[in-house]
Amino acid sequence: FLEPWRIAPMITPRFRLEQTDEFVLVLIHAPFVKSNDVDFYILDDQFKFFVSPYFLRLTFPGMVVEDGRESAEYDIDKGQFTVRIPKQTKGEHFDGLDMLTTLLAKKPTPSTPRIEVLSSASTKGAEAEGGDEDDDDDDDGEHAEENENWEIDQQLPPAEEPALSGVHYGFANKYEGVLGRLLSELPDVVMLSDPEHCPAEERGALRQEHEQAQFSDEHYLADFMDAETAQSLLDYTPWWAKGRRGGCYTPACRGDGACYSPACRSAPINCMLSDAENELLLRLPRKELLPERTSIVLLGLVDLLFAYCYDIRLTGGEHNVESAWTMAAISSSLSWLHTPDSIRDVVIACVRRSLCFPLVRSWCVAMRVLDDVRRIIRLGRPAVLKCLLDMREVVVHDEIRYILSDIYLTDYCIWIQTISARRLQKLYSALSGVVISKEDVALDLPLLEALALEQQEPVPEASESSEESDAESGEESEEESSSESESELDSDDVSDSDDNTKQAQTAAVVDTEVVVVTSAVDRLSV
């Protein structure tokens with residue numbers, strides 16, 4: 001025992017006692033608990049029982065013993081433990097087992113006489129010789145403190161547990177007064193702060209206010225811009241979308257549940273339960289559930305299946321330690337004890353919460369999950385039961401939210417086995433007719449996406465490229481101008497040289513003509 005009463009106030013459960021020649025039978029009424037977490041303590045004439053949030057300590061009029069014959073059983077239907085405690089003396093009759101107040105009283109502790117030390121000199125030798133005895137006394141003191149920790153005040157519980165305020169929740173709204181006594185022990189089991197005094201009509205408004213406060217623009221836009229994260233969830237193929245449906249010969253049918261031909265809808269699919277799932281069915285309590293309003297239960301079924309399918313895609317079919325939290329956060333039933341009013345109401349609530357709480361928050365993923373829910377409901381009771389059993393197995397092992405399996409999932413697993421296929425077909429038709437847009441969730445998604453896309457436009461890069469092009473064009477123009485100037489200079493030089501050449505050639509011709517004329521004159525003179 002870890003002294004749990006020092007953490008949260010304990011509740012004394014209702015109990016009664018019986019006896020035989022060999023055993024004392026303690027029947028303890030402790031509903032909605034985890035039977036695997038029960039602790040028992042048997043020593044001398046005391047019996048102690050603890051399972052959060054209950055604690056019971058009994059002091060018997062005779063001696064009991066823990067010798068291997070002790071046993072305990074838990075009846076989940078009644079929420080009752082039956083503990084068999086062996087008597088130390090076989091055949092001994094314990095008187096006063098009906099005096100419950102006496103049995104609950106604290107065990108009197110023997111008073112120790114006070115000793116006054118008259119001379120310290122006479123005790124020095126005793127202290128030196130009895131050092132080990134002092135250590136033993138210290139150990140005894142520690143044991144006495146441990147025993148004293150058990151002696152907490154207990155009050156006899158009322159014969160019946162009265163309803164707190166008439167506020168109902170859970171499967172078919174048939175539970176009340178369950179969460180109120182557990183909130184001190186499990187404060188985070190639901191997001192609703194006061195489930196026992198908040199009427200159903202107020203939970204929806206409170207839930208929407210909380211969703212609006214929890215919605216993160218940055219988180220949504222980060223997932224919106226990062227297409228790879230959402231695409232990995234979209235590419236995953238869950239078990240209900242695998243394999244080709246027998247009896248459907250439509251060319252467009254790929255066996256992924258996207259075919260809506262009459263032949264495919266009427267064809268059977270293999271949804272047989274495994275041996276492990278059959279074992280889970282055998283552990284369910286035997287009781288008959290007849291809800292007054294079946295429509296409320298069917299709408300709650302859509303809510304639970306959406307949360308389950310989202311976690312399946314998020315984890316790739318392998319639940320993790322966060323799966324119970326994820327499913328409870330997405331489901332408005334498990335987190336806010338909300339009772340939806342219509343099929344459209346439950347769809348919008350599921351999509352809104354999938355954009356506010358899980359790790360990946362994507363509109364495309366939410367739409368794909370909604371399609372998953374349609375497929376599962378279309379497959380019928382076996383497929384729905386497989387999902388509910390798997391979901392219950394995850395939640396029941398959670399340290400905080402296990403109570404939700406008792407007030408929701410267990411009853412759903414029992415009830416779904418009795419529902420007719422016609423009702424599921426009507427639910428599928430109603431769900432297929434629901435079409436919502438991003439404006440319906442009232443989270444300003446179109447505006448956020450438009451702003452994000454505007455900021456994504458490569459304006460700075462364009463300006464840099466234009467500057468680079470301008471610079472390049474400037475350099476090219478400079479080069480061209482310089483080359484033109486050089487060419488002009490070259491052309492001037494060439495023209496000057498041509499002129500000089502022409503002048504030289506003219507002078508040479510003139511000289512030649514002078515020489516010729518001179519030679520001719522000389523000949524005439526001769």
Side-chain angles (χ1 to χ4, degrees), residues 163-180 182-183 186-216 220 291-311 325-358 361 363 366-367 369-370 373 391 395 401 403-404 407-409 411-412 427 430-431 433-445:
L164 295 180
S165 60
V167 175
H168 295 78
Y169 44 78
F171 175 84
N173 285 334
K174 74 184 190 71
Y175 291 96
E176 59 178 332
V178 177
L179 296 176
L182 296 175
L183 286 181
L186 307 172
D188 298 327
V189 65
V190 292
M191 297 183 182
L192 186 60
S193 59
D194 190 5
E196 299 297 345
H197 298 88
C198 183
E201 54 271 14
E202 295 182 7
R203 297 174 197 162
L206 294 175
R207 174 184 60 81
Q208 293 179 6
E209 292 178 4
H210 184 260
E211 292 167 358
Q212 201 73 32
Q214 292 296 319
F215 178 71
S216 173
Y220 175 77
E292 296 180 359
R293 297 178 58 188
T294 308
S295 60
I296 294 179
V297 183
L298 289 172
L299 295 179
L301 177 64
V302 174
D303 177 72
L304 295 177
L305 289 178
F306 187 95
Y308 172 77
C309 293
Y310 205 103
D311 183 72
W325 179 89
T326 301
M327 291 186 288
I330 295 177
S331 170
S332 58
S333 300
L334 299 182
S335 57
W336 282 86
L337 312 177
H338 178 57
T339 302
D341 299 326
S342 64
I343 187 69
R344 185 177 181 82
D345 181 19
V346 69
V347 170
I348 292 177
C350 290
V351 174
R352 274 177 60 95
R353 299 190 69 79
S354 69
L355 300 176
C356 296
F357 295 101
R361 307 173 186 181
W363 175 266
M367 294 300 101
V369 171
L370 187 59
V373 177
M391 187 177 186
V395 176
R401 296 167 183 86
I403 187 63
L404 298 175
I407 63 178
Y408 278 104
L409 299 175
D411 290 348
Y412 265 102
L427 179 62
L431 186 60
V434 176
V435 179
I436 65 172
S437 63
K438 294 181 179 180
E439 289 79 5
D440 294 329
V441 297
L443 295 175
D444 297 331
L445 301 185

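All residue numbers refer to positions in the sequence shown, counting from 1.
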Could you tell me whether the side chain of Met367 reaches within less than 4.5 Å of the side chain of Val351, counting heavy atoms only? yes
So do the side chains of Gln212 and Arg352 get within less than 4.5 Å of each other, counting heavy atoms only? yes
Tightest non-hydrogen contact, residues Leu179 and Pro195, listed as CB-CG, 4.0 Å
Heavy-atom pair with the smallest gap, counting every atom of Gly300 and Ser333: CA-OG, 4.5 Å
Over all heavy atoms of both residues, which pair between Val190 and Ser335 is shortest? Give the atoms and the distance, please. CB-O, 3.5 Å
Kindly say whether Gly177 contributes a backbone atom to a donor-acceptor pair with the side chain of Glu196 at under 3.5 angstrom? yes
Close side-chain approach of Arg344 and Val347, heavy atoms under 4.5 Å: no
May I ask you to test the Val369-Ser354 pair for a side-chain heavy-atom distance under 4.5 Å? no
Aromatic plane relationship, Phe215 with Tyr220 - under 30° parallel, 30 to 60° tilted, over 60° perpendicular: tilted
With a 4.5 Å heavy-atom cut-off, do Met327 and Leu404 have their side chains touching? no
Under a 4.5 Å cut-off applied to non-hydrogen side-chain atoms, are Leu370 and Leu431 in contact? yes
Residues Val167 and Arg203: closest non-hydrogen pair is CG1-NH2, 2.9 Å
Tell me the closest heavy-atom pair linking Trp363 and Val441, and the distance in Å. CZ3-CG1, 3.9 Å
Short side-chain donor-acceptor distance under 3.5 Å, Asp303 and Tyr408: no
Are Leu409 and Tyr308 packed together at the side-chain level, in the sense that at least one heavy-atom pair is separated by less than 4.5 angstrom? no
Does a donor on one side chain sit under 3.5 Å from an acceptor on the other, for Ser216 and Arg361? no
Give a yes or no on whether Glu292 atom CD has more than 12 heavy-atom contacts from other residues, nucleotides or ligands under 6.0 Å away. no
Shortest non-hydrogen pair, Ile348 vs Asp440, comes out as CG2-O, 3.9 Å
Side chains of Val178 and Tyr169: closer than 4.5 Å at any heavy-atom pair? yes
Candidate pair Arg353 and Phe306, rule side-chain contact (heavy atoms from CB on, under 4.5 Å), full reasoning: CA-CA 11 Å; Arg353 299 190 69 79; Phe306 187 95; over 6 Å; no
